[in-house]
Amino acid sequence: MAQDFKKSTVYQIYPKSFCDSNGDGFGDLRGVIGKLDYLQKLGVDYIWMTPFFVSPQNDNGYDVEDYYNIDPRYGTMEDLEELIAEAGKRGIRLMFDMVFNHVSSRHEWFRKAMEGDSYYKDFFFFRKGKENGEPPTNWESKFGGNAWEYVEKFDEYYLHLFHVTQPDLNWDNENVRKELQKVIRFWMEKGVKGFRFDVVNLISKSCFEDDETGDGRKYYTDGPNVHKYLHELNQATFGTDAEIITVGEMSSTSIENCYSYAGADTQELSMVFSFHHLKVDFMGNEKWVLVPADFGKLKDILFTWQTKMEEHHAWNAVFWCNHDQPRPVSRFGNEGSLWKESAKMLGTVIHCMRGTPYIYQGEEIGMTNTDFTDISQFRDVESLNYYQILQDKGLAARDALRIVQIHSRDNGRTPMQWDDSKYAGFTDAASEQEPWIGVNANHDRINAASQVEDEDSIFNHYRKLVRMRKELDVIAYGSFLPLAEKHPSVLAYRRTYEKQDLIVVNNFYGKECTWKSGLDMEGYRCILSNYADGNPASEDGVWTLRPYESMVWYKERT
Ligand code: GLC
């Protein structure tokens, strides 16, 4: 039976940081198997596993050397098969992460290309430099620096939109597309029921020209053949199995393109991740700056994507974080005395929206950003590159570090905090081997063991949210209507479906505020709140909201 992805919740696992079963400091597949009961308790339907395929790990597995085999650091094919089977017994399906925009430079295709094999050279973008000796274009790599790498023996450059060890694949070559289809079919046969496609809106490059006004993204983002290629992939692989759900990671995409990527009838993907709402603390597209989050903008972006995607019968993935983002409670909430209230509020905001919610490991227990104080504690290639780039631009090391601390992807990559033991239960406390990345010292206070049985915990708040989506059609299928659009601290909306009506009210800040909603709350009851009691509005619809107060009110019309 096809699972209804509108009623489903996906849990994202970054296996390297989730649970280490063999004491080598790296999380692994057997570690995940050991935590399936925990995930079943949370109630999630899918586990999205970030890549565990053979890889030199220059970008933590997003540099794939072999799509068909498991990196021994993570375990074996038997472990993976057991994971799929054991998850299945608990009603949980697996979603795999397909990194198809690029491969690792150690992938056989690229090695052959570098040996001069013209069949494989055409799997990539090799181009001559400019006459003046510069690279073919001025495009910038997403991880910093020029996006072209010179290969002396060919007197040519190859394109890498990410790290130099992640050469871009040439999707215009049909042989590439056929090879990638094989990969999907291989995993479908193993019983995989979901696919996440990494930066998949970058696969179609329009032309190789200098970008006079930007970093080049306009020449490869949502490119000319991207819809055609996705439709083709759908028809040749997962589109034949109604049980499979798919999500595309869309980098700097436009909403108009997403109507098609995630359209109900376009046969491309089930849903999309877009990131505009997570750039509200950037300066334009510039991430490596310190700017306070712009709440008005955040609300505007979330509401626009909610309403427009609905209008166009397209489906969103809704989320605050993943392995590339800082922790939401540190970013938008409060790490101090209102930690619990703010973490629950953030969960409610996302989970009652129209779209499939994603929970990133540790979010459900309110994990915070790292407490790293020295650059040597960071591991992420992007963070390390930018620490250097910022100093090259003239920033003092101290200021560069501050920016990295706030924005680093490592904020989301510290080990999952299972308990208060030495390594937070991620790896055995008696292990000689330290975790590959430091554990946050606050694991003595923030950990799963202290939350699972506590009714009032963040974990149990998330558990309720997951269940509510299954129980109430209005959450899964309802229309979305923005409320309080101009209010400086309230994020509120309404959902309606047949006879069901839902009002979601959130104070996004740590200060009490008032909202003259004008809503008639007759007949509504509060079904979820982050304070002991839901706080009703006055008769004329005025709410006095406590710090980070968050409530869900429900009514069934007669
Ligand atoms: C995506 C992944 C990220 C990776 C990049 C390159 O954005 O989520 O972790 O570095 O693609 O594959």
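In what follows, residues are counted from 1 in the order of the sequence shown. Source: prediction; values computed, not measured. For ligands, and for the atoms within them, numbers begin at 1 and follow the listed sequence.
Annotation: atom 7 (O) of ligand 1 to nearest protein heavy atom, E249 OE2, 2.9 Å. What sits closest to atom 2 (C) of ligand 1 on the protein, heavy atoms only, is D198 OD1, 3.1 Å. Scanning the protein for heavy atoms near atom 4 (C) of ligand 1, the closest one is D59 OD2, 3.3 Å. Closest to atom 9 (O) of ligand 1, if we only count protein heavy atoms, is D324 OD1, 2.7 Å.
The shell of residues lying under 4.0 angstrom from ligand 1, judged by heavy atoms, includes R409. Between H102 and ligand 1 there is a heavy-atom distance shorter than 4.0 Å.
Between W320 and H277, the two ring planes are tilted [angle within 30° to 60°]. Taking the six-membered ring where the residue is Trp, W48 and H323 present perpendicular rings, their angle passing 60° and hence far from 30°. Between F52 and W187, the angle of the ring planes goes over 60°, which puts this pair in the perpendicular group of the 30/60° scheme.
Near V199, the atoms of ligand 1 lying under 4.0 angstrom from a non-hydrogen atom of the residue are 1 (C), 7 (O), 11 (O). Against a heavy-atom cut-off of under 4.0 Å, H323 is close to the following atoms of ligand 1: 2 (C), 3 (C), 8 (O), 9 (O). Of all the atoms in ligand 1, the ones that sit under 4.0 Å from a non-hydrogen atom of F143 are 10 (O).
Counting heavy atoms under 4.0 Å from ligand 1, residue F100 does not touch it at all. Of the heavy atoms in Q325, none comes closer than 4.0 Å to ligand 1. Only the side chain of R413 comes within 4.0 Å of ligand 1, counting heavy atoms alone; its backbone N, CA, C and O stay farther away.
The side chain to side chain contact (heavy atoms under 4.5 Å, CB included) test with C321 is passed by exactly one of Y358, Y360, F332: Y360.
Ion pairing between D168 and K205 holds under the 4.0 Å rule for side-chain N and carboxylate O.
Cation-pi geometry between K121 and F126 is met: under 6.0 angstrom from the ring centre, within 45 degrees of the axis. The cationic atom of K35 (NZ for Lys, CZ for Arg) lies less than 6.0 Å from the six-membered ring centre of W418 and within 45° of the ring axis.
Under a 3.5 Å cut-off, the side chain of E286 and the backbone N or O of F282 do not form any donor-acceptor pair.
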